[in-house]
2 protein chains.
Amino acid sequence: MSGLLCACQFDSILNQVSEHTKSAKNPKMKKDQSKISIKDVARELGLSITTISFIINNKAKNRISDEVIKKVEDYIEKVGYKPNASAQSLRTGKSNTIVFMAEDISDPFFSTIAKEMEDLAFNNGYKIIYCSTENKKERALELLSTFKDRQIDAFIITPPEDFEDEINALIAENRKIVLFDRHYNDPNHNYVVLDNYNSCGKAVKSLLEEGFENIAFVGLESNLSPMKERLEGYMDAVKNNQKHPISLLIKFDEVKSAKGKQVFENLLKEHPNIDAILFSTNSLAITGLRVLREVGKRLPEDIGVITFDDRELFELHSPPISVVSQPVSELAEELIKGTLNLLKSRSKSPKLFQVSLPGKLILRKSSMLESGAASGKTK
Amino acid sequence: MSGLLCACQFDSILNQVSEHTKSAKNPKMKKDQSKISIKDVARELGLSITTISFIINNKAKNRISDEVIKKVEDYIEKVGYKPNASAQSLRTGKSNTIVFMAEDISDPFFSTIAKEMEDLAFNNGYKIIYCSTENKKERALELLSTFKDRQIDAFIITPPEDFEDEINALIAENRKIVLFDRHYNDPNHNYVVLDNYNSCGKAVKSLLEEGFENIAFVGLESNLSPMKERLEGYMDAVKNNQKHPISLLIKFDEVKSAKGKQVFENLLKEHPNIDAILFSTNSLAITGLRVLREVGKRLPEDIGVITFDDRELFELHSPPISVVSQPVSELAEELIKGTLNLLKSRSKSPKLFQVSLPGKLILRKSSMLESGAASGKTK
DNA sequence: TTGCTTAAGTAAAACGTTTTACTAAAAAGG
DNA sequence: CCTTTTTAGTAAAACGTTTTACTTAAGCAA
């Protein structure tokens, strides 16, 4: 049937061939085989490629008659023509691609964010390329250098330590940059982060209300903003309640090693009066929970526990562990919304956006001395 | 056939070269301001772009003098020139991009695989774009239709159910396709999967050796190959040992719901003699463990447990849960190695590869009745 | 000398778009 | 009836590469 439609003025030539090809069911077979281009569409409809281009880019209003628009759209729909993305990208300098440089894309927090972003971006015609910096500056630079020349429209970056200059350089080059998870308190940056300071305050307050007295903080030795803010949040909250802060900072590389377990064990020994611990990250908590189990501490009777970032693991733990949960969907939404706005704006200096979302304290048995009926309640 | 007509009546008369138009150059200004192209390099060195192109593509041997090659390479290094990826892609039809369609990129199994692949691919000059099908056919089709027109070099696909025709269609279109995690036993497909059948056999054997007698299987109601193979592997292993199989298949959507918990609870009630359970997936095990805890079953005394896919959660569980672990690094390596080979081969029909890797049984307390010294041993 | 080979390079077409600047015909204005 | 405006389109340049087919000069054998 489609053979009839391509008739127009080329009849004579087509006819010569069709004698031989008829047996192979569909005379248009050729088309399907090799990619169909805007030129093919134009030729087939007896129009110029300019017209086709205007139509597929919604620039046809007041230029092309509704009748022709309809005809072209129908044909495009029928043959499934889609513009060649590389050609578009070459011509326009845009690629409809966003790069998300996560710390580690296999980390559940980042991969969940990634998935939600992917979905939102996809619905807006954007693709996302992910990569992992491992929190290493050289790695991040390497990635950046690869992607800088690939017509990437925007970068969502979880910067490693000591990366402020590079971020500023990118911004100076007029790139669209959005920071995620960590930031530099720079009014010229776009970012979406958790309100770490107040989240920590809430956690401490909750522990105190439950009757815990000597709350220790176990954090990461790091200059990254969340690590610093969580520590500060803890410090201020404890001091404001006339308690004495006790903090242990562990090096990133040691968290999962024997060394990490040991320094944590030492903390417990040196401060036998500790009756609650606030873990600043997920992996710190996991290491901590291992040690607590090994040394026979009962939760929450001997030691109350709250940690950052919810994971299935904590809910299934015995006893279930209280957490400060990050609002993953909202974070992803803010990130994509902000990034897309940046991309939409035609101005050279789009308005900045700086978002800080509150954490959600999810109380479970590990931090509830009275273990009342309100298990799992949310605050 | 239609190509005949566009023949070239407008061979041009544009031989007047405008040498001087561009030559009012300020060599300093230029560099920093706008992206530097192959043309700039050529002009600056007084060479043709052809020469530059040959050199950056390692096609200069026997064509260009070593002296010139050196000069060009040095200059490129100095100014940091990198070819425009879109232009390359447009010209060559290649994009150095691989799409990985996972079931769910936020699932730890897939995100870990993704990360390892990303790394390997990156080192070979390839980027990876991830996406999630959610095991939904329409979603997969939608994704496919977006990516088909973007010069994607290869697809690594975790197909949803009932997707065999689509895979065959892609292959017929001459696309590079590699299946992952699940396959169709089709000798014309490339795939990398776990040896689910024998992995299940190993798990059953281990439970029997530990003294468990009535081993139940809890699986997913699904046509996907891993689900079917695991069930078969269990069935055959149990029967071969003169035991009676008991299996429960739960719908994907119900696993995490109240319904899922209930049917599992019913299983326990209807078969009070069950003394061990083999869970076919991660999330089934999590639901199962919740129920087992609620109904007061002790592990492993009352019920022994082994589940598929290792996760931190299972190691930290009390008691730690035995698992069949997938060799993530090896899977990722096979995937990328195979895909890259496909891409390297110039032939129209590269040789196929079909890889099935053994699972690793990691025994922990949940399946060890004697709870001997050999905790955590690997088989 | 002539003719052939090799070495070292270049011109120009092509990939598939978008966009600027044009045109031809019809409608409107006077 | 002429001029202007509007409508509905089109031609061709440009984006930055790769690659095919050429050129030009030198070397060399006879």
Side-chain angles (χ1 to χ4, degrees), chain A residues 34-72 76 79 81-96 149-151 346, chain B residues 3 6-19 21-22 34-72 76 79 81-96 148-151 346:
Chain A
S34 65
K35 209 101 257 323
I36 162 172
S37 82
I38 197 172
K39 231 182 265 173
D40 301 318
V41 175
R43 185 167 5 83
E44 212 66 29
L45 295 176
L47 292 166
S48 77
I49 61 170
T50 308
T51 303
I52 313 298
S53 177
F54 281 148
I55 293 174
I56 61 187
N57 288 293
N58 287 319
K59 296 194 173 150
K61 274 287 152 270
N62 304 334
R63 296 177 135 290
I64 311 295
S65 69
D66 292 354
E67 187 188 11
V68 169
I69 294 181
K70 177 84 168 65
K71 182 170 77 176
V72 171
I76 284 177
V79 301
Y81 162 71
K82 293 245 197 131
N84 177 302
S86 304
Q88 286 183 311
S89 173
L90 173 59
R91 174 63 228 227
T92 63
K94 306 286 165 192
S95 64
N96 277 24
D149 308 270
R150 290 188 177 257
Q151 284 67 51
R346 305 285 298 141
Chain B
C6 73
C8 24
Q9 37 266 55
F10 29 82
D11 265 357
S12 54
I13 330 153
L14 31 89
N15 287 330
Q16 333 131 293
V17 188
S18 47
E19 267 309 315
T21 44
K22 286 180 183 171
S34 63
K35 206 102 261 316
I36 163 170
S37 82
I38 199 173
K39 232 181 262 173
D40 301 317
V41 175
R43 185 167 5 83
E44 211 67 26
L45 295 176
L47 292 163
S48 76
I49 62 170
T50 307
T51 304
I52 312 298
S53 178
F54 281 149
I55 293 174
I56 60 186
N57 288 295
N58 287 319
K59 296 192 173 153
K61 274 287 153 269
N62 303 335
R63 296 177 135 291
I64 312 294
S65 70
D66 292 356
E67 188 187 10
V68 169
I69 294 182
K70 179 83 167 66
K71 184 170 76 173
V72 171
I76 283 176
V79 300
Y81 162 71
K82 294 244 196 132
N84 177 302
S86 304
Q88 287 182 312
S89 173
L90 173 59
R91 175 61 228 231
T92 62
K94 306 285 166 194
S95 64
N96 276 26
K148 269 168 79 169
D149 309 87
R150 291 189 178 256
Q151 284 69 52
R346 304 285 296 142

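Chain letters run A, B, ... following the sequence lines, proteins first and then strands; every chain starts at 1.
In the helix from C:dT1-D:dA30 to C:dG30-D:dC1, the rotation axis of the first five pairs and that of the last five pairs differ in direction by 60°, rounded to 10 degrees.
In this structure, NZ of B:Lys82 is placed 14 Å from P of D:dT18, rounded to the nearest angstrom. When the C1' atom of D:dA8 is taken as reference, atom CD1 of A:Ile52 falls 13 Å away, rounded to whole Å. Between A:Arg150 atom CZ and D:dG16 atom P there is a gap of 16 Å when expressed in whole angstrom units. The CD1 atom of A:Ile55 sits 11 Å away from the C1' atom of D:dA8 (whole-angstrom rounding). As rounded to whole Å, 16 Å separates atom C1' of D:dT17 from atom CG of B:Asn58. The nearest whole Å value for the distance from the CD1 atom in B:Ile64 to the P atom in C:dT10 is 7 Å. When rounded to the nearest whole Å, the span between CG of B:Asn84 and P of D:dC15 equals 11 Å. The separation between A:Leu90 atom CG and D:dT18 atom C1' is 13 Å, rounded to whole Å.
Residues satisfying the salt bridge (charged side-chain N to carboxylate O under 4.0 Å, His left out) criterion with A:Lys70, sequence neighbours excluded, are A:Asp74. Among residues two or more places apart in sequence or in another chain, the side chain to side chain contact (heavy atoms under 4.5 Å, CB included) test is passed with B:Ile49 by B:Ile38, B:Lys39, B:Ala42. Partners of A:Gln151 under the side chain to side chain contact (heavy atoms under 4.5 Å, CB included) rule, at least two apart in sequence or in another chain, are A:Ser89, A:Ser95, B:Asn84, B:Ala85, B:Ser86.
Of the residues in residues 65-72 of chain A, not one comes within less than 4.0 Å of DNA chain C through any heavy atom.
Rounded to the nearest 0.5 Å, atoms OH (A:Tyr81) and CD1 (A:Ile56) are 4.0 Å apart. For the atom pair B:Arg150 CZ and A:Lys82 NZ, the distance stands at 8.0 Å (nearest 0.5 Å). To the nearest 0.5 Å, atoms OG (A:Ser37) and CD1 (A:Ile52) are separated by 10.5 Å.
Contact record, A:Asp66 with A:Lys61: OD1-NZ, 3.9 Å, taken as the closest heavy-atom pair. Residues A:Ile69 and A:Ile55 come closest through the heavy atom pair CA-CD1, 3.8 Å. The two residues A:Arg63 and A:Lys59 come nearest to each other via the heavy atoms CD-O, 3.1 Å.
Exactly one of A:Val41, A:Asp40, A:Leu47, A:Leu45 qualifies for a side chain to side chain contact (heavy atoms under 4.5 Å, CB included) with A:Arg43. That residue is A:Asp40.
With distances taken from any side-chain atom of A:Gln88 to the nucleotides D:dT18, C:dG9, C:dT18, the minimum falls on C:dT18. The side chain of B:Lys39 has D:dC15 as its nearest neighbour among D:dT10, D:dC15, D:dT18.
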Distances under 3.5 Å between nitrogen or oxygen atoms of protein and nucleotides 19-25 of chain D:
unit_1: D:dT19; atom_1: OP2; unit_2: B:Lys59; atom_2: NZ; d: 2.5
unit_1: D:dT19; atom_1: O4'; unit_2: B:Arg91; atom_2: NH2; d: 3.4
unit_1: D:dT19; atom_1: O4; unit_2: B:Thr50; atom_2: OG1; d: 3.3

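Within the 3.5 Å criterion, the main-chain N or O of B:Phe54 finds no donor-acceptor partner in the side chain of B:Asn57.
B:Thr51 has a side-chain polar atom (N or O) that falls below the 4.0 Å cut-off from OP1 or OP2 of C:dT10. Of the side-chain N and O atoms in B:Tyr81, one or more sit less than 4.0 angstrom from OP1 or OP2 of D:dT17.
A donor and an acceptor atom, one from each side chain of A:Thr50 and A:Ser53, are nowhere located under 3.5 Å apart.
Of the two residues near DNA chain C, A:Ala87 and B:Asn62, the one whose nearest nucleotide lies more 5' is B:Asn62.
B:Ser37 comes within 4.0 angstrom of the backbone, heavy atoms only, and of no base.
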